[in-house]
Trainee: 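I'd like to ask some things about the structure below.
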2 protein chains.
Amino acid sequence: MTSGEIVDASEGDVGSARSGEKSRRDILDAAARILRRRGYHATTLRTIADAVGIKAGSIYYHFASKDEIIAAVMNDGVDAVRRAVTEALAGLAATASLEERLETAVRAHLHALLEFGDYTSAGLKAYSEAPEPVRDAARPHRLAYEAIWDRLAEEIVAAGATGTGVSARSLKLALLGMMNWSPEWYRPDRHRVDDLAREFTALVLSRRG
Amino acid sequence: MTSGEIVDASEGDVGSARSGEKSRRDILDAAARILRRRGYHATTLRTIADAVGIKAGSIYYHFASKDEIIAAVMNDGVDAVRRAVTEALAGLAATASLEERLETAVRAHLHALLEFGDYTSAGLKAYSEAPEPVRDAARPHRLAYEAIWDRLAEEIVAAGATGTGVSARSLKLALLGMMNWSPEWYRPDRHRVDDLAREFTALVLSRRG
DNA sequence: TAGACTGTCTAACGTTTGTTAGGTCAAGTC
DNA sequence: GACTTGACCTAACAAACGTTAGACAGTCTA
C-alpha cells in the first residue's frame, strides 16, 4: 500500500490454460465489475474474494497487492478501448470521409465505455481515486491511447471542419470530455450509443470537411 | 455512516458571526480543499481537523457526521456555480447574441470549477465516490443547476445554431461533459479559462444563430 | 511411492477509520 | 459569586482495511 512501484500485471496476450489462470482472470473480472460501480476504495479484497468464491488471503497467491490488481484492470481497460478504436478505424474503407472516421471512433469509444465489459469504465472511474503509483503505471497506456485522438483532432482542425479558432489540443480534450463523462448519465434504457456517436460527431463537425 | 438520511447543512445565507461560525466555515473550507485534491475516502476527519487546528472529535460539535460535511460542501459548490452562471448571464445586455450568452455561461462555469474556490470542483469529484444518501441530498441542487443548461441547449437547437440532428438533451450532456471533465487535465500554467470558453463555444456553435 | 508444486484456507497482525462518552475551561448570565 | 453555555479536548470504541504466516489437500513429476 505504501511502497513505491506497481509492476505492470496487465495481460498483453491471453496466457495458457493452467487452472490458476482462470482464477486470476476471475479476480480481475470481479475487480473490474466492482470497481466500475463502487470505485477504488469500496473495492476491497474481501468483496472481490466473495464475488469469486474464494477467501481474501488467497488473492495473494495470484497478485502481490491490491494495487497490482487495480493497475492491471486499468491498463487492460485502456488497451481494450485502444484496440477497439484502432480496429474500427482500420475496418473503414480507405475512401471514408473525415466525418465517417470520427463517428466510427466515437462509437467505438462509447461502446467500449458503456456497453462492452467493465474494464474500460472501471479504469476511468478508478484513475482519479487511485494512489500515485497506480496512476504512474497507467500513464503510458493512456498516452498511447490519446495519441489516436491527437491525430484525429489535428486532421479535423487542418481540414477546417470545426469552429474557427479551435486548437487541436482543445478539440481533443473536449471530445474526450464529452465521451468520458457519459458514464455519469448514460442509462441503457434511455440512450443508444449509435445515436450519441452521431450527435457528438455532428456537434463537433458542423462544417463538413 | 450507515444510516438513512443526510440533513442538508449547506449555508443558504451566511449566518451571524458567533465564534463557532468561523470554525464551522473553517471546517468546510478545509474539507473542500482536501476533497478537491484527494477525493471522498482520503478526506478523513483527522485530516480535516489537522488543517483547521483542532482535534477530530471536536468536529462533532459542529456537524453530526462526516457525510453531513461532505454534503454541505457538495451542495454549496453546486449553488455557487449556479449563482455565478446566473449572475454572469444577468449581467449581459438584453441584446446579447446567443454566442455571447453561451460563451459567458461556459466561462462562468469553468471559472467556478477551475479557478474560484474549492467547493464546486470538490463536489464534482466527490459525487461519484460518495455513498447513496449523500448523492440523494445533492440531487435537487444539481437538477436546479442543470435546468440552466437545459434552457440554453434548447435555445441553441431551436436557433439551428449547432449540428443537424443534435437533440437539446445530448447537447446539454456534451457541454457539461467537456466542461466537467476539465479538472482532469487543466493546469493553470498551460491553459486559460477565457480561451477554453471561447473554443468550446466555437466548437458547439459552428453555425452562427 | 516419495517429494515437489498448486491453489486455497484459517487466523491473525497492525493500522486507520468514523464515532462517542465524558471531562475541561473560559465567557457570559442571573 | 453560583451557574449555564459554547467550544474544545482526551481517550477510547468497534469495525474494516491490506497484508502475512502457516497449514492443508490435491495433483503432477521423478
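These figures come from a predicted structure and were not determined experimentally. Reminder, nothing fancy here: chain letters follow the sequence lines and each chain counts from 1.
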Trainee: Do the side-chain N or O atoms of A:Ser23 get closer than 4.0 angstrom to the phosphate oxygens (OP1, OP2) of C:dG7?
Mentor: no
Trainee: Among the candidates D:dC9, C:dG18, C:dT8, find the nucleotide nearest to the side-chain atoms of A:Tyr61.
Mentor: C:dT8
Trainee: Return the value, rounded to whole Å, for the distance between atom CD1 of A:Ile48 and atom C1' of D:dT19.
Mentor: 14 Å
Trainee: May I have all residue pairs that pass side-chain hydrogen bond (donor to acceptor under 3.5 Å, both in side chains) and include part of residues 179-194 of chain A, sequence neighbours excluded?
Mentor: A:His109-A:Asn180
Trainee: Counting side-chain heavy atoms from C-beta on, which of D:dC8, C:dG18, D:dT20 comes nearest to A:Tyr60?
Mentor: D:dT20
Trainee: Considering only side-chain heavy atoms of A:His62, which listed nucleotide, C:dT8, C:dT19, D:dG18, is closest?
Mentor: C:dT8
Trainee: Establish, with yes or no, whether the OP1 or OP2 oxygen of D:dA7 is under 4.0 angstrom from a side-chain nitrogen or oxygen of B:Ser58.
Mentor: no
Trainee: In whole angstrom, give the distance that lies between atom CG of B:Asp50 and atom P of D:dC9.
Mentor: 11 Å
Trainee: Pair up each side-chain donor or acceptor in residues 45-53 of chain B with any protein partner under 3.5 Å, not counting sequence neighbours, and list the distances.
Mentor:
none

Trainee: Need one value for A:Thr47: base, sugar-phosphate or nothing, where a base atom within 4.0 Å counts as base even if backbone is also close, heavy atoms only.
Mentor: nothing
Trainee: Rounded to whole angstrom units, what separation is found between the CD1 atom of B:Ile27 and the C1' atom of D:dC8?
Mentor: 11 Å
Trainee: Expressed in angstrom and rounded to an integer, what is the separation of A:Phe63 atom CZ from C:dT8 atom P?
Mentor: 12 Å
Trainee: How long is the line joining CG of A:Leu45 and C1' of D:dG18, in whole Å?
Mentor: 6 Å
Trainee: With sequence neighbours left out, which residue pairs that include part of residues 121-131 of chain A fulfil the salt bridge (Lys or Arg N to Asp or Glu O under 4.0 Å) condition?
Mentor: none
Trainee: Within the structure shown, what part of the strands sits under 4.0 Å from B:Thr44 by heavy-atom distance: base, sugar-phosphate, or nothing?
Mentor: sugar-phosphate
Trainee: Mark yes or no: B:Lys66 above the aromatic ring of B:Tyr40, with NZ or CZ under 6.0 Å from the six-membered ring centre and no more than 45 degrees from the axis.
Mentor: yes
Trainee: Side chains of residues 146-157 of chain A: which donor-acceptor partners sit under 3.5 Å, not counting sequence neighbours?
Mentor:
from     : atom 1 : to       : atom 2 : distance (Å)
A:Glu146 : OE1    : A:Lys172 : NZ     : 2.9
A:Trp149 : NE1    : A:Tyr145 : OH     : 2.9
A:Asp150 : OD1    : A:Lys172 : NZ     : 3.4
A:Glu155 : OE1    : A:Arg101 : NH1    : 2.8
A:Glu155 : OE2    : A:Arg101 : NH1    : 2.8

Trainee: In whole angstroms, how far is the C1' atom of D:dC8 from the CZ atom of B:Arg24?
Mentor: 17 Å
Trainee: Produce the list of close N/O pairs, under 3.5 Å, pairing protein atoms with atoms of nucleotides 11-15 of chain C; give distances to one decimal.
Mentor:
none

Trainee: I'd like to check the side chain to side chain contact (heavy atoms under 4.5 Å, CB included) partners of B:Thr201; sequence neighbours left out, ordered by chain and number.
Mentor: B:Glu99, B:Leu102, B:Glu103, B:Val106, B:Leu205
Trainee: Is the distance from OP1 or OP2 of D:dG18 to the nearest side-chain N or O of A:Lys66 less than 4.0 Å?
Mentor: yes
Trainee: Specify the separation, in whole Å, of atom NZ of B:Lys22 and atom C1' of D:dG6.
Mentor: 16 Å
Trainee: Without decimals, in angstroms, what is the distance between A:Glu68 CD and D:dT19 P?
Mentor: 10 Å
Trainee: So if I take every side-chain heavy atom of B:Ser65 and compare against C:dT19, D:dT19, C:dG18, which nucleotide ends up nearest?
Mentor: C:dT19
Trainee: Is the shortest distance from a Lys or Arg side-chain nitrogen in B:Lys22 or B:Asp26 to a carboxylate oxygen in the other one below 4.0 Å?
Mentor: yes
